[in-house]
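Scroll down for the structure; my scribbles are underneath it.
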Amino acid sequence: MKFFLLSVFISFSVFLHSQENSRPNILVIIFDDAGLDMSAYGSTYVNTPGFDAIAKNGVLFNRAYTPNAKCAPSRASLMTGRNSWQLDAAANHVIYFPPKFKTYQEVLQENGYTIGFTGKGYAPAITLTADGKEREVLGPAYNTEILEPLTSGISSNDYSANFDNFLQRAPKDAPWSFWVGSLEPHRGYEYGSGKRIGGKTEDMIKDFPPYWPDNEVTRTDLLDYALEIENFDEHIVKIMNSLERSGQLNNTLVVVTSDHGMPFPRVKGDQYENANHVPMAIQWPKAMNKKNRKVEDYISFIDLAPTFLEAAGIDWQTSGMHPPAGKSLLNILGSSKSGQIDDWRNFVLVGKERHDTGRPRDVGYPIRGIHKNNMLYIKNYEIDRWPKGNPETGYLNTDGSPTKTEILKLRRNGNSRYWRLNFGKRVEEELYDLNDDPFCMNNLASDLSYADEKSDLRFEMEMKLKEQDDLRMQGYGHLYEQAPFVNGRDFYHDFMAGKQPKAGWVNDSDFEPFVLDGDGNELEPVKINLKN
């Protein structure tokens, strides 16, 4: 009997061990502010062998989107499987993350995974428990390994070495989940580094965005951005080599993406095509029947957390997470097909509430939109407000940059065309045919030949948003704006009172000395209470 019980115990232990080892490791590698500027997507001025290899050995997604093109709300959607308008305060930027929402990393840890992250995690925000204690929504940080950065604009974080550090410490008999968050190509850049260090030339850029002035300054800015992408891509190569050396590559689910588009005017913080459309390549050799596939399904960040939990064998309904808006991608990863896999994945929703500070009463610029059939419909809900923040407070929802400076200088010298495209006030509805107009330059919303298509897209968008309990659809959108900023609160009031609040992510020259109308005309000098 003792021998029998011992045999049963050993068999059961072996079973549990095999079950534990069958669960995949999960690795999320996320660029900070990189658009579809990867060579796998045909970029002519960015070379990304690390990203490209994962696409070649896995799946390249041609229609991957973030619901919200700003760091914190985008990452919140990835962590929770819910659209930003389903996350209360986390619909916004620079906030306190609501304690009631669990993240996929926390659930994995509760189910036997070792977790951690390096670099930029969920930020910028503060994460606390309901009783005010510090909360690690992605696990403990591994940031001790540093290096001499290539430029002054690149982080000293040795991402790949910190990943190696995590691998060495992680138990060998349990799965792990790790998040590698670069701080590149987030601004600032070392001007001219793309040419000087990267050996890049302006003529390498073949598809220049028509909403910026095409000159040496703006092209140099793009080349500096490219250098930072390539610098982090080198870490991706090292990370994948580490996985292979450790024998863990076959059973590691790897996702490489970016939180949103490039940190340039009319992209980051906006809701046009280049703002929300993100690069994404996924591989999991053990679960894939065919590699080097390109998929055309519309997918969203909200699909990633459900993918991770299903891969780990965790039931979402008993995980403690709120109901997801997304669906697992495992069937796509396991398919042998390219092109459209799931017919029902034919749309994604996008939107925003409040990003950076700088408007009176700390209000935002609410937008909702839908991508479907290569069309983009956008609804702007408060068109009396400034889309990128008030001019007198520096358009704080657009990072300071040489490109931004060029556009502002042109307006001040009498050419407002680019300023209107990037910073001017907008109409209530916008409609773009992305096949013919990928840069969203020609608004078709008032074209009668598109009236039915616009109406259908608006109806479908609003129905889906109502199903998701979007407060904006219920007449309570103002509640999103009541969530307090972590910092920068009452910036507009303090600035107009002469208190000189700090806005380190824009340039001093971004602040307009004149009150402007929606077309960029100067009305009167900005009146600041200098007594304070």
Side-chain angles (χ1 to χ4, degrees), residues 29-46 48 51-52 54-55 59-71 73-75 77-78 83-84 185-186 205-212 222 225-226 229 255-282 294-304 326 329 332 339-340 345-352 355 367-378 421-422 430-443 457 461:
I29 303 174
I30 182 167
F31 285 87
D32 193 10
D33 299 9
L36 259 69
D37 303 292
M38 311 283 157
S39 40
Y41 290 107
S43 175
T44 58
Y45 69 105
V46 186
T48 51
F51 179 89
D52 298 357
I54 293 168
V59 178
L60 181 69
F61 289 89
N62 286 331
R63 289 174 170 168
Y65 289 81
T66 175
N68 193 319
K70 197 74 173 184
C71 297
S74 174
R75 293 160 189 260
S77 289
L78 195 162
N83 285 305
S84 58
H186 193 289
I205 304 169
K206 303 300 183 185
D207 198 12
F208 188 88
Y211 39 72
W212 305 328
L222 277 175
Y225 155 81
I229 292 177
V255 178
V256 183
T257 187
S258 173
D259 54 0
H260 49 70
M262 58 172 59
F264 283 72
R266 211 174 189 261
V267 185
K268 177 182 177 179
D270 235 309
Q271 299 301 306
Y272 294 119
E273 163 70 354
N274 287 344
N276 295 82
H277 198 168
V278 295
M280 187 177 292
I282 302 180
K294 295 182 179 180
V295 169
E296 300 297 332
D297 296 49
Y298 282 96
I299 70 161
S300 172
F301 270 10
I302 60 176
D303 298 321
L304 292 177
L329 300 170
I332 293 179
Q340 187 77 27
R345 289 188 186 271
N346 61 356
F347 76 95
V348 291
L349 299 174
V350 297
K352 60 180 280 191
H355 285 170
I367 299 175
R368 298 292 186 273
I370 183 170
H371 286 262
K372 186 173 184 178
N373 298 327
N374 281 327
M375 299 294 293
L376 170 59
Y377 170 79
I378 292 174
L421 287 167
N422 290 274
E430 300 178 65
L431 181 68
Y432 300 99
D433 182 345
L434 300 180
N435 280 322
D436 298 330
D437 183 22
F439 291 109
C440 300
M441 300 291 288
N442 181 26
N443 184 7
L457 286 170
M461 179 190 80

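Values below: every heavy atom of this structure, side chains too, minus hydrogens, waters and symmetry copies. Not measured: the values here are computed from a predicted model.
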_With side chain to side chain contact (heavy atoms under 4.5 Å, CB included) as the criterion, how do Asp37 and Ile205 come out once you've worked through the C-alpha distance, each side chain's angles and the decisive distance to 0.1 Å?_
CA-CA 11 Å; Asp37 303 292; Ile205 304 169; over 6 Å; no
Mind checking whether Asn274 and Phe264 have side chains closer than 4.5 Å, heavy atoms only?
-> no
Can you see whether Asn374 engages Arg63 through a side-chain donor-acceptor pair at a distance of less than 3.5 angstrom? yes
When rounded to the nearest 0.5 Å, the distance separating CD1 of Ile367 from CG of Asp270 is 6.0 Å
Val46 and Thr48 have their tightest heavy-atom pair at CG1-CG2, 3.8 Å
Here the gap from Cys440 atom SG to Leu434 atom CG, rounded to the nearest 0.5 Å, amounts to 5.0 Å
Close side-chain approach of Tyr45 and Tyr225, heavy atoms under 4.5 Å: yes
*Exam field: side chain Trp212 to backbone Arg266, donor-acceptor pair closer than 3.5 Å*: no
Closest heavy-atom pair, Asn346 versus Lys372, reported as atoms and distance to 0.1 Å, is O-CG, 3.1 Å
Taken to the nearest 0.5 Å, the spacing of Met375 CE from Leu431 CG works out to 4.0 Å
Taken to the nearest 0.5 Å, the spacing of Ile29 CD1 from Thr257 OG1 works out to 11.0 Å
Check for a donor-acceptor pair, side chain of Asp437 on one end and backbone N or O of Met441 on the other, with a separation under 3.5 Å.
yes
Query raised in the report: Would you say the side-chain atoms of Glu273 and Tyr65 include a donor-acceptor pair closer than 3.5 Å?
Result: yes
Nearest heavy-atom contact between Ile229 and Pro185 is CG1-CG, 3.7 Å
**Asked** Would you say Asp297 and Gln340 make side-chain contact, with heavy atoms under 4.5 Å?
**Response** yes
With the side chain counted from C-beta on, respond yes when Met280 and Phe301 share a heavy-atom pair under 4.5 Å apart, and no when they do not.
-> yes
SG of Cys71 to NE2 of His355, rounded to nearest 0.5 Å, is 9.5 Å
In this structure, CE of Met461 is separated from CZ of Arg368 (nearest 0.5 Å) by 8.0 Å
Note: Lys268-Asp32 ion pair, threshold 4.0 Å (strictly below) | no
Nearest heavy-atom contact between Asp33 and Asp259 is N-OD1, 2.9 Å
- prompt: Is Asn422 reaching over with its side chain to a backbone N or O of Tyr211, donor-acceptor style, under 3.5 angstrom?
  reply: yes
Closest non-hydrogen contact found for Gly351 with Gln271 is N-OE1, 3.1 Å
**Study point:** Minimum side-chain heavy-atom gap Tyr272-Ile378 below 4.5 Å
**Key:** yes
Worksheet item: Hey, does Ser84 have a side-chain heavy atom less than 4.5 Å from the side chain of Thr66?
Response: no
Note: Asn442 and Tyr432 closest approach over all heavy atoms is O-CD2, 3.3 Å
Can a donor-acceptor pair be found between the side chains of Glu296 and Asn62 at a distance below 3.5 Å?
-> yes
Q.
Before you tell me yes or no, could you show the steps for His277 and Tyr41 under side chain to side chain contact (heavy atoms under 4.5 Å, CB included), namely the whole-Å CA-CA distance, both residues' side-chain angles and the distance that decides it to 0.1 Å?
A. CA-CA 12 Å; His277 198 168; Tyr41 290 107; 5.9 Å; no
Practice problem: Answer yes if the side chains of Asn276 and His260 hold a donor-acceptor pair under 3.5 Å, and no otherwise. | Solution: no
- Query: Any side-chain heavy atom of Phe51 sitting closer than 4.5 Å to one from Leu60?
  - Reply: yes
Discussion item. Between Arg345 and Leu329, is there a side-chain heavy-atom distance shorter than 4.5 Å?
Written reply: yes
